[in-house]
Amino acid sequence: MADALSLNPLPAPKLGEPYLLTPGPLTTAYSVKEAMLRDWGSWDADFRGMTAALTQKLLAIAGDVAGEYACVPMQGSGSFSVEAMLGTFVPRDGKVLVLANGAYGLRAAETLRYLGRAYTLIDKGDYMPPRGTEVAAALVTDPAITHVIAIHCETSSGILNPIGEIAEAVRSAGRKLFIDSMSAFGAVDLDVTRIPYEAMVSSANKCIEGVPGFGFVIARKSALEAAKGNCHSLSLDLHAQWAYMQKSGQWRFTPPTHVVAAFLEALRLHEVEGGVAGRGKRYTRNRDVMVAGMRDLGFETLLDDLWLSPIIVTFFCPADPAFSFTRFYELMKERGFIIYPGKLTVVDSFRVGCIGRMDEHVMRRVVQAAASALTEMGVASGTPPAAALEERAKLAPSNAH
Ligand SMILES: Cc1ncc(COP(=O)(O)O)c(C=O)c1O
């Protein structure tokens, strides 16, 4: 199937370039890289047309049939866009409920602290999901909360948070929702007609499979209009960027022209693959093939299947004392695969990404590489220590939806 997706010729092995089994930057198609071999004048009509096409296509992916939303690209990495979203939309006297279960929720809280905006935190630790009922209760308890921010896929563990029930709790309490869908948008459903939000953020180098250089915020036009003059920052002011783009078709400050060109090619490939559904299907298949193979080697996932995202998966490190993550990483790299360290505080773990220009055939080779790396290390099996499995058992009560 994969090779039928015209994923070949796969430049990575040919050039000796490893596959990036990471959550972005990720492995991109050759044509995406090739699209950067041309220079564009940032004020020129051709480039202005490219910016307009980019925002229209992203709004279509978001399902904005009613034309209620606008898409505002912002230079920089994803965190710049998160900061722009919070700084632009949270009023100076507003208060945000941050739903955290990993590094990116905590980063949103830290961003609000820098911005001097009031916030309160529900911190579920390394990976427990924030539930709709908890959000509803917190909103009843604290009437000062104006906004809620949720992380769609918390990339630090790979958990797919229950965004539907969170959105419903926020909506019925009459508050406004921000979604950090950095690592999920484009592959996991986030249609505004089903999951309404005030603003959503993602970036070029995640599930659309572009290269790094800008993020984008999709926000209600009414929110953008109301945000005039609210932002703390000149360069991160989304209202100003939006207003200038509407007037001139241009970005306010130097745009990442080559990255935009690459992104348009990535969007074309996204559409050819069948949009969000098609992309989500391939990533899900990548995950299923990889997880099944790794389990056959004795490895265990941190999360129960119910919470596994098709984006990235956390595995416990094996109990065998001959296992060393650093050595495993190097052996995987020698075999053409870059994996990712874990971010859990309690037990040792590592992560394997399922996103980027690769398919189930590549994932089978990932499993073969892991098997041969274990053999070379003298590790008999990927079975984790008992403590890791006890840690996982703690998740059990929250497994039921
Ligand atoms: C959910 C989420 N939020 C925010 C970020 C931050 O993005 P960046 O590293 O591009 O600044 C990431 C990065 O992976 C992410 O996965």
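Computed from a prediction, not measured in an experiment: that's the story for all the values here. Start at 1 and go down the list; that is how both ligands and their atoms are numbered.
Among protein heavy atoms, the minimum distance from atom 1 (C) of ligand 1 is reached at T155 OG1, 3.4 Å. Ranking protein heavy atoms by distance to atom 6 (C) of ligand 1, first place goes to S79 OG, 3.4 Å. Of all protein heavy atoms, the one lying nearest to atom 3 (N) of ligand 1 is D180 OD2, 2.6 Å. Atom 12 (C) of ligand 1 has Y104 CE2, 3.3 Å as its closest protein atom, hydrogens excluded (heavy atom only).
Annotation: cation-pi pair K333/Y340 absent, no NZ/CZ under 6.0 Å from the ring centroid and within 45° of its normal.
If you look at H152 next to ligand 1, there are no close heavy atoms at all, none under 4.0 Å. Contact annotation for I151 and ligand 1: only side-chain heavy atoms (C-beta onward) come within less than 4.0 Å of the ligand. Of the heavy atoms in P23, none comes closer than 4.0 Å to ligand 1.
Geometrically, ligand 1 and G78 share a nitrogen or oxygen pair separated by less than 3.5 Å.
Ring-centre distance between F299 and F350: below the 6.0 Å cut-off. A distance of 6.0 Å or more separates the ring centres of Y329 and F337. Taking the ring centroids of F185 and H152, they lie at or beyond the 6.0 Å cut-off. Ring to ring, F328 and F323 are close: their centroids are under 6.0 angstrom apart. Taking the six-membered ring wherever Trp is involved, the centroid distance between the rings of F80 and F214 does not fall below 6.0 Å.
Look at K206 and you'll find a heavy atom under 4.0 Å from some atom of ligand 1. Look at E154 and you'll find every heavy atom at least 4.0 Å from all atoms of ligand 1.
One side chain, R295 or T301, offers a donor N or O that lies under 3.5 Å from an acceptor on the other. Side-chain atoms of S183 and K206 form no donor-acceptor pair, as typed in the model, at a separation below 3.5 Å.
Numbered from 1 in the order shown, with element, the atoms of ligand 1 that lie under 4.0 Å from a heavy atom of C153 read 1 (C). Of all atoms in ligand 1, listed by their number and element, those nearer than 4.0 Å to a heavy atom of R107 are 6 (C).
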